[in-house]
There are 2 protein chains.
Amino acid sequence: MAGHLDKNPHESPYQRLQRQLGDLIAASEPGTKLPTEPDLAAQMGVSRSTLREAMRSFEAQGLLIRRQGAGTFVVGKSGVFETGIEVLESLETIASRLKLKISMGESQIETIQADEDMAKCFEVRKGTSLLCVTRVMHAEGRSIAFLQDILPRDILPLKDLQETFTGSVLDMLIRRGKPPLEKSFTEINAVSAPSRVARALEIQRGDVLLMFEADLFALDGSAVDHSRSYFLPGYFRFHVLRKIGVP
Amino acid sequence: MAGHLDKNPHESPYQRLQRQLGDLIAASEPGTKLPTEPDLAAQMGVSRSTLREAMRSFEAQGLLIRRQGAGTFVVGKSGVFETGIEVLESLETIASRLKLKISMGESQIETIQADEDMAKCFEVRKGTSLLCVTRVMHAEGRSIAFLQDILPRDILPLKDLQETFTGSVLDMLIRRGKPPLEKSFTEINAVSAPSRVARALEIQRGDVLLMFEADLFALDGSAVDHSRSYFLPGYFRFHVLRKIGVP
DNA sequence: CATTAAGATATGTTTAGACAATCCTCATGG
DNA sequence: CCATGAGGATTGTCTAAACATATCTTAATG
């Protein structure tokens, strides 16, 4: 990216480190195992902590994958899930269209009690039982998304969920056809990975994630699902076509 | 948020730290200066590094502001820039509608040479001169967004920019009325703050930012502007209404 | 009274090291 | 040949400390 605020573009040691790391990654074939952290730190003349800090941003961009006990590997930039967000679609649908593979990893279906926010969302009493479906989605041999849906018990039979769930609550609802769905209101933000999500996604706690928090509405206006989806940034490219507003 | 993958919700020391910090912040009036990092670390029984790591996520949520040499302050959650992204509007327009104050801080207008990407974007030869407008936007006494627009020299007179620019290239283009604008194609992602952006936004390098990278098109289909906007997550709530797709 | 400089305070960055947790390889035994 | 366990390799987390940088306060001087 050209242009910057600092008139004197003198490179700090950390920026030099970033550039050198970027060069090393660019020069390595996908699948390459990089030197160990202690070795790389020594080569680049920085401490292991400083190197790790720099590596985090490359991992966030999907250029590296680090595996505890195994090593650090360069990732090929092939399977990016690219889609517009004007239309709500499941990851499976997007994958199918892009001819990419995605699968559901670890998952969990449980019953929870509505807290104040959920009670308000579904217009039920606090403490009402809700279904919570949590899973990790995998592509290219790693976890790339952590998804969680909360929905009233009567919206999807628990039995169906337990027997046929393959990763998308939305697809199940669409296939089932009732209630008929109308729209989703989705909030978008960047978050620092909470410990539990980080563990599930095999990243460091505190790493950068893109999060969509959404309410799904039926035609009759009632909320039928509340979801939180955490995406590893380097594996997704979301975009939106925007009309021009009038000030 | 209820529900989690770990069946045994035993709290790790770091999670305990996060909870305690969250409680402390919630219990403090906006504007409160927290104990110094060494003191707080001692009180919470962790090292200063671990405390700093935990504080980063609160700063990302806009709950804290840290100022080098001055201290750490609790932030009141009042002025969140909330808007749909179906329509492209400047921060000033959004602020005006929400009755929030925003102003332009440090800015820079310079001429740059088109690299390969920019040459392709604007359909010009590599090396062609382009204008680059970079600025930091302030609200509530702090930097909350780092914005950068790149545009061909003939789209906006440099003189006009230098004399009347107050923060929004979009608003200038709309007021000028030519070329007539049609739409913006915006990519959305979460990024780890690069050093220069971090410095401008007064955050730690590597912190979480929401980034929009956009191409603005005129009615005749030509690209008239390419921009990158970095947003401090806690100060913005972007949302989108999504139609339901068919798998 | 205003300005400036020095000292104190506090966050930002870097380093080194220790230990925990995970993964991989190799040797051994069934 | 396969399973298992031990040991080595490597990343993840935490700690302590040092130094850089920024801010604030206070004292001295004009």
Side-chain angles (χ1 to χ4, degrees), chain A residues 6 10-18 21 32-60 64-74 141-143 192-207, chain B residues 6 10-18 21 32-60 64-74 141-143 192-207:
Chain A
D6 181 357
H10 185 283
E11 199 177 55
S12 72
Y14 187 84
Q15 288 172 323
R16 174 186 59 79
L17 170 62
Q18 286 269 36
L21 252 185
T32 300
K33 180 172 176 250
L34 294 185
T36 67
E37 287 180 357
D39 285 349
L40 209 44
Q43 285 174 37
M44 304 216 168
V46 295
S47 75
R48 198 182 146 228
S49 302
T50 298
L51 174 75
R52 285 182 59 78
E53 186 70 19
M55 289 176 88
R56 287 173 90 166
S57 74
F58 290 99
E59 189 157 23
L64 286 185
I65 180 173
R66 292 184 291 171
R67 293 194 172 283
Q68 185 174 358
T72 302
F73 304 86
V74 176
R142 77 162 292 166
S143 310
S192 153
S195 299
R196 284 193 284 264
V197 177
R199 175 175 285 277
L201 290 175
E202 297 163 340
I203 57 176
Q204 254 179 277
R205 178 192 66 221
D207 277 3
Chain B
D6 181 358
H10 185 285
E11 198 178 55
S12 72
Y14 187 84
Q15 287 170 326
R16 175 186 58 80
L17 170 63
Q18 285 267 38
L21 252 186
T32 301
K33 180 172 176 251
L34 293 186
T36 67
E37 288 179 358
D39 285 349
L40 209 44
Q43 284 173 37
M44 304 217 167
V46 294
S47 75
R48 198 184 143 227
S49 301
T50 299
L51 173 74
R52 286 183 57 82
E53 188 69 19
M55 290 176 86
R56 286 174 90 167
S57 74
F58 289 100
E59 189 155 24
L64 285 184
I65 180 173
R66 294 186 289 172
R67 290 194 173 286
Q68 185 175 357
T72 302
F73 304 86
V74 176
R142 76 162 293 167
S143 310
S192 153
S195 297
R196 286 194 283 264
V197 177
R199 175 176 286 276
L201 290 176
E202 297 163 342
I203 55 176
Q204 252 179 278
R205 177 193 66 223
D207 278 1

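Numbers restart at 1 for each chain; the letters A, B, ... are given by sequence-line order, proteins then strands. The shown structure was predicted, so the numbers you read here are calculated from the model rather than taken from an experiment. Every heavy atom of this structure was used, including side-chain atoms; hydrogens, water molecules and symmetry mates were not.
- At the heavy-atom level, B:T36 lies under 4.0 Å from the strands shown only through sugar-phosphate atoms.
- For B:A70, the listed nucleotide lying nearest its side chain is D:dC24; candidates were C:dG12, D:dC24, C:dA10.
- No engagement by B:R56 is indicated, since no non-hydrogen atom pair under 4.0 Å with the nucleic acid exists.
- Heavy-atom nearest nucleotides on DNA chain C were determined for B:D39 and for A:L51, and the one closer to the 5' end corresponds to B:D39.
- Checked against C:dC24, D:dT13, C:dT15, the side chain of A:R205 finds its nearest nucleotide in D:dT13.
- Of the listed nucleotides (C:dG17, D:dA22, C:dT11), C:dT11 has the atom at the smallest distance from the side chain of B:T72.
- Residue side chain B:Q68 reaches the base of D:dT21 through a donor-acceptor N/O pair under 3.5 Å, judged by distance alone.
- At D:dT15, one or more side-chain N or O atoms of B:T50 fall inside 4.0 Å of OP1 or OP2 (strictly under the cut-off).
- Here C:dT13 presents its C1' atom at 13 Å from CD of B:E53, a figure rounded to the nearest Å.
- Rounded to a whole Å, the CZ atom of A:R199 is 18 Å from the P atom of D:dT11.
- Axis deviation across the helix from C:dC1-D:dG30 to C:dG30-D:dC1 amounts to 0°, comparing end segments of five pairs, rounded to 10 degrees.
- Each of D:dT13, C:dG12, C:dC23 was ranked by its minimum atom distance to the side chain of B:R52; first place goes to C:dG12.
- One interatomic measurement links the two molecules: CD1 of B:I65 to C1' of D:dT23, which rounds to 13 Å at whole-angstrom precision.
- Using a cutoff of 4.0 Å between basic side-chain nitrogens and carboxylate oxygens, B:R142 and B:E59 are scored as salt-bridged.
- Not one side-chain nitrogen or oxygen of B:Q204 sits closer than 4.0 Å to the OP1 or OP2 atom of C:dT11.
- Between the NZ atom of A:K33 and the C1' atom of D:dT10 there is a distance of 7 Å, given to the nearest Å.
- Between atom CD of residue A:Q18 and atom CE of residue A:M55 there is a gap of 11.0 Å, rounded to the nearest 0.5 Å.
- Positionally, the nearest nucleotide of DNA chain C for A:S47 lies more toward the 5' end than for the other of A:R67 and A:S47.
- Separating the CZ atom of B:R16 from the C1' atom of D:dC14 is a distance of 13 Å, rounded to the nearest angstrom.
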